[in-house]
Amino acid sequence: AEALKAHNKAKAIMEGNGWTTTEEYGGLLLSLGRLEKEQQRYEQAMEWFRKSEAVLCNFKDSVTYSVLVNGMALCFQ
């Protein structure tokens, strides 16, 4: 619960500063998805992963994008 609060606070700060197209913002959304996946809430995780993908599609050469694709694949298993 505390991790989710911290991530949501960081998300609000990034959105407030207009950083929603950055790789860091996509990584934050990815982290929210990973938190949900760890709690075995796969549907919610996929929602975050899709939001992350919408940002990270502009950073396909990054490690962060690779981690996203892996996380999505694990949710499908």
Residues E2 and K5 bridged, charged N to O under 4.0 Å: yes

Rounded distance [0.5 Å steps], OG1 in T22 versus CG in N58: 11.0 Å

CG (N70) with more than 12 external heavy atoms under 6.0 Å: yes

Transitive ILVMFWY side-chain link W19 to W48, under 4.5 Å: yes

Shortest non-hydrogen contact from L68 toward E53: CD2-CA, 3.5 Å

Qualifying salt bridge (Lys or Arg N to Asp or Glu O under 4.0 Å) pairs with a residue from residues 28-44, counting only residues at least two apart or across chains: E36-R41

Minimum heavy-atom distance between H7 and L32, given as atom pair plus value: CB-CD2, 3.3 Å

Beyond-backbone contact of L30 with V67, side-chain heavy atoms, under 4.5 angstrom: yes

Single-linkage hydrophobic cluster, 4.5 Å side-chain cutoff, Y42 and M72 together: no

Donor-acceptor contact present, side-chain S52 to main-chain G26, <3.5 Å: yes

Gap separating the CG atom of L35 from the CG atom of N8, nearest 0.5 angstrom: 9.5 Å

Nearest heavy atoms of A45 and G33, plus distance in Å: CB-O, 3.4 Å

Rounded distance (nearest 0.5 Å) linking atom CD of Q39 with atom CG of L4: 9.5 Å

Where G27 and L56 come nearest, the two heavy atoms and their spacing: N-CD2, 4.3 Å

Value rounded to 0.5 Å, distance of CE in M14 from OG1 in T21: 9.5 Å

Non-neighbouring partners of E15 that pass side chain to side chain donor-acceptor pair (under 3.5 Å), sequence neighbours left out: K11, Y25

T64: partners by side chain to side chain donor-acceptor pair (under 3.5 Å), with sequence neighbours left out: E23

Straight-line distance of E24 CD to S31 OG, nearest 0.5 Å: 11.5 Å

Nearest atoms (heavy-atom pairs only) where F59 meets Y65: O-CB, 3.5 Å

